[in-house]
Amino acid sequence: MWTEERILHWERTGEKSSPVMVWTPEHTGIFLDHVAEDRLYALFHLIAFRGLRRGEARGQRWTDTRLDAGLITVAKQLVVNGWEVYEDDLKTDAGARTIALDSDTVRALRRHRARQEKDRDKWGSAWVETGRVFTRENGELLHPANVRRRFIELYEEIGLPPIRLHDLRHGAATLAHAAGAGLKDIQEMLGHSSITITSDTYTSLLPEADLAIAEAAARLVPRARATPRDPEPQADPEAHQVGQSVPNDADPLGDIREINFRPLTHRSRKRPRTRSPRPDNAPS
């Protein structure tokens, strides 16, 4: 995950800690806020929250999208042969799945559908009817290279650290885990053929989100008294030698009752020029 320390290292050296990097929830929020008016916003939103593969999102059909029920059925994907885009079956039988949508994602898709209807009216008889949720301005199928290029342009505009479009899918798994989902739930959401694939892919990533789960679990147990603090540090004996009066019951270091950690924010400083992320061809 792109922690503050890893961002600093990348800014200084241009090196990423791993070929697969994932934004923090704050980074994802910054990105989605920035692209809210982009015509591909709903596609990025859907991948970021529900973890569809890029080809699955581009291949999603309106007939498999039930916004009133808050459900989508992932049934087909779009792939490329050379530059030609065509429909294909999903990678595995487990890939065919029904996914629940949160209310914000439903709103994003409704807004996208209204915008697509305006495009259809604008193009008139030239509109290409593919039945897809996400299309080009004239209704044609989206090419993955164009989607990837637009994704990179958008996050570079606001100086976010680099990730692949496929890594938004990894981020969705992390968000689900932080919200309390187990590996089995994540496996079904992502459409993995076995929980082993999910475990092997996310074992090193999901601990980044475990702190929130640990804190939530601890709050479930009612306590009459808080866990005692560590013993107070002893007063520095040299403090008396320099004329400082320290009461017997005082902490010479001060009573620090709360530590407020500064949240991660994206940086606008100039960063080393790096190559664009590699194509989204990860198997997971």
Side-chain angles (χ1 to χ4, degrees), residues 1-36 38 41 44-51 54 102 104 148 150-181 183 186 190 198-219 227 229-230 233 253-278 280 282 284:
M1 186 171 286
W2 275 114
T3 61
E4 183 78 3
E5 294 77 16
R6 290 166 183 162
I7 292 175
L8 288 173
H9 179 76
W10 166 68
E11 289 179 330
R12 292 167 180 167
T13 67
E15 298 176 353
K16 298 194 300 182
S17 302
S18 168
V20 178
M21 298 297 295
V22 177
W23 284 335
T24 65
E26 185 187 26
H27 293 147
T28 302
I30 291 170
F31 172 76
L32 292 176
D33 287 343
H34 176 66
V35 306
D38 192 86
Y41 166 74
F44 298 137
H45 183 113
L46 184 62
I47 296 176
F49 283 100
R50 304 313 296 151
R54 182 187 60 185
D102 60 279
D104 195 39
R148 181 174 64 248
R150 184 58 180 157
F151 175 67
I152 295 171
E153 289 173 352
L154 289 168
Y155 75 65
E156 286 186 343
E157 287 176 357
I158 50 177
L160 285 174
I163 67 170
R164 306 167 307 161
L165 178 57
H166 190 80
D167 294 335
L168 278 184
R169 170 174 160 88
H170 297 318
T174 307
L175 290 173
H177 180 66
L183 283 180
I186 296 171
L190 298 181
T198 310
S199 177
D200 290 347
T201 303
Y202 295 105
T203 295
S204 62
L205 176 63
L206 294 179
E208 300 281 1
D210 276 342
L211 179 59
I213 296 177
E215 292 288 354
R219 287 194 294 269
T227 301
R229 293 183 178 182
D230 292 336
L253 300 181
D255 182 14
I256 302 176
R257 301 181 184 277
E258 181 178 358
I259 300 176
N260 293 318
F261 291 96
R262 177 172 59 87
L264 294 177
T265 57
H266 73 284
R267 296 169 175 268
S268 58
R269 69 178 69 171
K270 186 176 181 180
R271 304 181 308 283
R273 184 178 297 274
T274 57
R275 293 180 296 177
S276 297
R278 295 177 296 176
D280 301 335
S284 61

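Keep in mind the model is a prediction, meaning the values are calculated, not measured.
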| message | So, taking the atom named OG1 in Thr3 and the one named CG in Leu8, what distance separates them when rounded to the nearest 0.5 Å? | response | 8.5 Å

| field | Contact summary for Leu160 and Trp10, nearest pair of heavy atoms | value | O-CH2, 4.2 Å

| query | So, the side chain of Arg6 versus the backbone of Ser18: is there a donor-acceptor pair under 3.5 Å, distance only? | reply | no

| task | Quick one: list whatever passes salt bridge (Lys or Arg N to Asp or Glu O under 4.0 Å) with Asp38, sequence neighbours left out. | result | Arg150

| message | Nearest 0.5 Å, please: how far is CG in Asp104 from CZ in Phe49? | response | 6.5 Å

| At what distance, to the nearest 0.5 angstrom, does NE2 of His45 lie from CG of Leu32? | 7.0 Å

| said: Going by the rule side chain to side chain contact (heavy atoms under 4.5 Å, CB included), which residues pair with Ala176 if we only count those two or more places apart in sequence or in a different chain? | reply: Ala181, Ile186, Met189

| task | Kindly indicate, with the supporting measurements, whether the criterion side chain to side chain contact (heavy atoms under 4.5 Å, CB included) is fulfilled by Tyr155 and His34. | result | CA-CA 8 Å; Tyr155 75 65; His34 176 66; over 6 Å; no

| Heavy-atom pair of closest approach, residues Pro25 and Leu175 | CG-CD2, 3.7 Å

| request: Output yes when a side-chain donor or acceptor of Trp23 lies under 3.5 Å from a complementary backbone atom of Gly29, and no otherwise. | output: no

| query | Between Thr174 and His177, do the side chains contain an N or O donor and an N or O acceptor separated by less than 3.5 Å? | reply | no

| side-chain hydrogen bond (donor to acceptor under 3.5 Å, both in side chains) with Arg50: which residues, sequence neighbours excluded? | none

| message | Tell me the closest heavy-atom pair linking Leu190 and Ala173, and the distance in Å. | response | CD1-CB, 4.1 Å

| task | Please check if the side chain of Trp2 supplies one atom and the backbone of Pro162 the other of a donor-acceptor pair under 3.5 Å. | result | yes

| field | Flag side-chain contact, heavy atom, 4.5 Å: Phe151 against Arg164 | value | no

| Is there a donor-acceptor contact under 3.5 Å from the side chain of Thr24 to the main chain of His27? | yes

| note | In this structure, CG of Leu168 is separated from OG1 of Thr28 (nearest 0.5 Å) by 6.5 Å

| Shortest non-hydrogen contact from Gly171 toward Val22 | CA-CG1, 3.5 Å

| task | For the residue pair Glu15 and His9, establish whether any side-chain heavy-atom pair is separated by less than 4.5 Å. | result | yes

